[in-house]
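FYI, the numbering just counts along the sequence from 1.
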Amino acid sequence: MASTTRRPSRVAKLPPRERILDAAEELFQSEGIRRVGVQAIAERADTTKMAIYRHFETKDALVAEWLRIVAADYQAAFDRVQTEHPGRPREQILGLARFIAEGLPSISHRGCPFINSLAELPDRSHPARQVIEKHKAHQTRRLVGMCAEAGLPDPEQAAAEITFVLEGAQVSTQNGSIDQTGDRLMRIVEGIVDRHHSPVGASRPTTG
């Protein structure tokens, strides 16, 4: 999402729908979904509640659309590493880990939008929560595919371990329990990939 640098001048140039989403993102991230009302979003976007409801039927619909945009940023990271490292799945996996590692400093201030939102949306039928669950499932499938292409013998297990590390690093950064999370994250993911790797045709040592 866009930086908040010189926000008034930037916002003035955005179309109404983008202004609303920009304002919603900033407020949801800094104050939480439940605490932010539609009026506050309207004021932040320099518009009216009526204008918001012309673009989004409900506040829940606005929350869901914001999270779709966040999810699209993560999916774009998958696309980017596959483009940058064609035919090199190990480097693709490490590229994803690097994407998360480089984003950790911002998480230390605001937290992961998915983790924060899940904590506020216990109802699994909520449209925004469904966006998160669909995104996470798709992300896992793509990571499993990368692990399979990398020749890991149990790609689902490897993807699970990598996911635990990526998401755990975000929580640990947010609560400040671990230092140097980015560097540690990269070393752990490299270790997982290398430990799971089993070269095709490799033979086990024999005894006797």
Side-chain angles (χ1 to χ4, degrees), residues 1-5 7 10-11 14-38 40-42 44-45 47 52 55-84 92-93 95-143 146 159 162-175 181-182 185:
M1 300 292 287
S3 167
T4 56
T5 303
R7 187 178 189 282
R10 188 194 75 248
V11 168
L14 294 175
R17 189 175 188 275
E18 280 65 35
R19 286 209 312 272
I20 294 166
L21 285 165
D22 182 273
E25 179 210 19
E26 191 165 345
L27 291 171
F28 291 155
Q29 284 276 59
S30 62
E31 300 182 26
I33 293 171
R34 295 299 186 190
R35 291 184 60 189
V36 174
V38 174
I41 297 171
R44 190 69 170 171
T47 188
I52 291 178
H55 292 280
F56 304 96
E57 184 176 351
T58 63
K59 177 187 170 184
D60 287 347
L62 173 56
V63 175
E65 184 60 22
W66 163 58
L67 288 170
R68 285 190 190 94
I69 294 172
V70 177
D73 288 341
Y74 280 83
Q75 295 301 333
F78 275 85
D79 297 336
R80 186 165 56 251
V81 297
Q82 289 181 319
T83 299
E84 292 174 350
Q92 294 171 10
I93 295 168
L96 285 174
R98 195 170 298 109
F99 167 73
I100 297 297
E102 291 174 350
L104 291 177
S106 63
I107 284 177
S108 67
H109 299 293
R110 293 184 168 188
C112 171
F114 297 126
I115 295 171
N116 292 348
S117 298
L118 286 172
E120 293 196 73
L121 304 172
D123 182 3
R124 297 193 68 173
S125 66
H126 191 287
R129 186 175 179 110
Q130 292 179 347
V131 168
I132 297 173
E133 293 183 0
K134 181 179 179 181
H135 160 66
K136 289 295 184 179
H138 183 52
Q139 183 173 278
T140 298
R141 287 194 297 271
R142 294 190 72 172
L143 183 54
M146 287 180 178
I162 292 169
T163 298
F164 293 156
V165 173
L166 298 181
E167 299 196 348
Q170 294 177 77
V171 174
S172 295
T173 299
Q174 186 175 353
N175 64 35
T181 47
L185 166 62

Closest heavy-atom contact between V171 and I115? CG2-CD1, 3.5 Å
Measure across E31 and V36 and return the closest heavy-atom pair with its distance rounded to 0.1 Å. CB-CG2, 3.8 Å
Check A101 against P105 and note the closest heavy-atom contact, atom names and distance. O-CD, 3.8 Å
Any side-chain heavy atom of Q170 sitting closer than 4.5 Å to one from L104? yes
Evaluate the side-chain contact (heavy atoms from CB on, under 4.5 Å) criterion for residues R141 and K136: first the C-alpha distance (whole Å), next the side-chain angles of each, then the deciding distance (0.1 Å), finally the verdict. CA-CA 9 Å; R141 287 194 297 271; K136 289 295 184 179; over 6 Å; no
Roughly how far, to the nearest 0.5 Å, is CG of L143 from CG of L96? 7.0 Å
Measure the CE-CD1 distance between M146 and I93 for me, rounded to the nearest 0.5 Å. 7.0 Å
Grab the two heavy atoms, one from I41 and one from I20, that are nearest each other, plus how far apart they are. CG2-O, 4.0 Å
Are side-chain heavy atoms of L27 and R35 found at a separation under 4.5 Å? no
Do NZ/NE/NH1/NH2 and the carboxylate oxygens of E65 and R17 come within less than 4.0 Å? yes
Cut-off 3.5 Å, side chains only: do T58 and D60 have a donor facing an acceptor? no
Of all heavy-atom pairs between L185 and A97, which one has the smallest distance, and what is that distance? CD2-O, 3.7 Å
With distance as the sole criterion, is a donor-acceptor pair present between the side chains of S172 and T181 under 3.5 Å? no
In Å, rounded to the nearest 0.5 Å, how long is the span from CZ of R44 to CG of D22? 8.5 Å
Under a 4.5 Å cut-off applied to non-hydrogen side-chain atoms, are Q92 and E84 in contact? no
Distance col, row L21:CG vs R19:CZ, nearest 0.5 angstrom, shows 11.5 Å
Q75 and its side-chain hydrogen bond (donor to acceptor under 3.5 Å, both in side chains) partner, picked from R80, Q139, R142: R142
Contact between F114 and H135 at the side-chain level, heavy atoms closer than 4.5 Å - yes or no? yes
To the nearest 0.5 Å, what is the distance between CD (E120) and CZ (R129)? 12.0 Å
Output for pair (L62 CG, H55 NE2), nearest 0.5 Å, gives 11.0 Å
If we only count heavy atoms from C-beta on, is the E25 to Q29 side-chain gap below 4.5 Å? yes
Can you list the steps and then say if R98 with E102 is a salt bridge (charged side-chain N to carboxylate O under 4.0 Å, His left out)? CA-CA 6 Å; R98 195 170 298 109; E102 291 174 350; 5.3 Å; no
Using every non-hydrogen atom in the two residues, find where G95 and V81 come nearest and quote the distance to one decimal. C-CG1, 3.7 Å
Side chain proximity check, S117 to V63, heavy atoms < 4.5 angstrom: no
Test ring-ring contact (aromatic ring centres under 6.0 Å, His included) applied to F99 - qualifying residues, sequence neighbours left out: Y74
Do N116 and F28 have side-chain heavy atoms sitting under 4.5 Å apart? no
